[in-house]
Peer 1: 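Below is one structure. I have some questions about it.
Just so you know, ligand 1 is whichever comes first in the structure, and atom 1 is the first atom listed for that ligand.
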Amino acid sequence: MEVTDLTVRFAGLTALDGVSFAVEPGSIHAVIGPNGAGKSTCFNVLSGVYRATSGSVRLGERELTGLPPERIAALGVARTFQNLALSDHATVADTMLLGRHRLTRTGFLAAGLRLPSAVREEARHRERMREIAAFLGLGKYLDVPAGILPYGLQKLVELGRALCMEPEVLLLDEPIAGMTPTERRHAAGVIAAVRENLGVSVLLVEHDMGVVMRLADTVTVLDFGRRIAHGDPERVQNDPEVARAYLGTNGGAETSSATPVAHPPKTTDTTTPPADGPAPDTDAPDASDAPDGSPPNGSSDGGEAGASR
Ligand SMILES: Nc1ncnc2c1ncn2[C@@H]1O[C@H](COP(=O)(O)OP(=O)(O)OP(=O)(O)O)[C@@H](O)[C@H]1O
């Protein structure tokens, strides 16, 4: 995925200012930065929720710029959201099957009449959904209403729904925020396994620096909407600009306990109208019980402790 010179202006405010980076195939790429740096705005543009003022987003040869979210998803970019909205009524299986929707070929009529081809196709989707659920350690929860599961498991269901779309690129918006340390370790192992075992490229926004530095191959740092650093985790950790952006000390990108600071919004004299779409979510719910599924590849890599907002 190639992001080139991306700029997003809301009335009087530049949320993203000429940002460029490339997510290499099969890599984990993190976008970090203090509160208000433009991370969510970037995600919302990549997934089609916001429209860029200028710049482009490409997936291979395909131009994604300006496409609506469902077209972007259909072209192979799936995303999860910071805040969950899982139903108390739909089971984990049904919730994950929603992700198969775009892959379904059977027409409405054939499905309604339960024609053999439709039945066979549904069985194939269910089988693949079960494989993905097992991969995530969710196999035993398939018949449980997704909305009543502990928070850490709900986040995995959301990830499962996105993986059911068979994406090329997975956008994870604060995938471990609000989790307990045990849940975080498990989720970090799962994310690593998504890249290792499924070969899916992962682009994530995450405040937990411990997890970011362990998981990511490449880190892009934003501050006030501008890219201030880019490279492998070690390089970014040692970048003085990054230290300045976080807390004004050397602790920000180095430890898992750094708490990003909020900046006042940057204003400009532009009059570009705001993009459509909801404002980014903020608070994550409290964490609850730890998941009891095992990381698919046995990895337990992940941050012990970290500061999310
Ligand atoms: N829909 C919107 N309308 C107006 N301003 C917005 C909108 N969405 C974001 N902004 C502003 O754009 C700037 C970047 O916000 P954004 O949410 O992208 O930052 P962030 O790095 O994701 O922050 P956080 O870590 O707090 O989620 C902020 O100043 C924010 O107030």
Peer 1: Can you find an N or O of E174 that's nearer than 3.5 Å to an N or O of ligand 1?
Peer 2: no
Peer 1: Kindly compute the distance separating CG (D239) from CD (E234), expressed to the nearest 0.5 Å.
Peer 2: 12.5 Å
Peer 1: Does ligand 1 have a heavy atom under 4.0 Å from the side chain of L13, from its backbone, from both, or from neither?
Peer 2: side chain
Peer 1: Just checking, is any N or O donor in the side chain of T220 or H230 under 3.5 Å from an acceptor N or O on the other one?
Peer 2: yes
Peer 1: Check if G38 has a non-hydrogen atom at a distance under 4.0 Å from any atom of ligand 1.
Peer 2: yes
Peer 1: Would you say P34 contacts ligand 1, with heavy atoms under 4.0 Å as the rule?
Peer 2: yes
Peer 1: Starting at CG of D173, measure out to SG of C42 and round the result to the nearest 0.5 Å.
Peer 2: 10.5 Å
Peer 1: May I ask you to list the atoms of ligand 1 that are less than 4.0 angstrom from any heavy atom of H207?
Peer 2: 25 (O)
Peer 1: So if I count the atoms of ligand 1 from 1 in the order they appear, which ones are less than 4.0 Å from some heavy atom of A37?
Peer 2: 19 (O), 20 (P), 21 (O)
Peer 1: Hey, what do you get for OG1 (T65) to CZ (R51), rounding to the nearest 0.5 Å?
Peer 2: 10.0 Å
Peer 1: Tell me whether ligand 1 is touched by F43 - counting only heavy atoms on the residue side and a distance under 4.0 Å.
Peer 2: no
Peer 1: List ligand 1 atoms under 4.0 Å from T41, heavy atoms only on the residue side.
Peer 2: 9 (C), 14 (C), 15 (O), 16 (P), 18 (O)
Peer 1: Should the heavy atoms of other residues, nucleotides or ligands under 6.0 Å from CZ of R235 be counted, would the total exceed 12?
Peer 2: no
Peer 1: With atoms numbered from 1 as shown, which atoms in ligand 1 lie under 4.0 angstrom from a non-hydrogen atom of S40?
Peer 2: 17 (O), 18 (O), 20 (P), 22 (O), 27 (O)
Peer 1: Just by distance, with hydrogens left out, do R79 and S47 show a side-chain donor and acceptor under 3.5 Å apart?
Peer 2: yes
Peer 1: Can you name the atoms of ligand 1, numbered from 1 with element, that are less than 4.0 Å from a heavy atom of A15?
Peer 2: 12 (O), 13 (C)
Peer 1: Tell me whether E63 is salt-bridged to R58, with the criterion being a basic N under 4.0 Å from an acidic carboxylate O.
Peer 2: yes
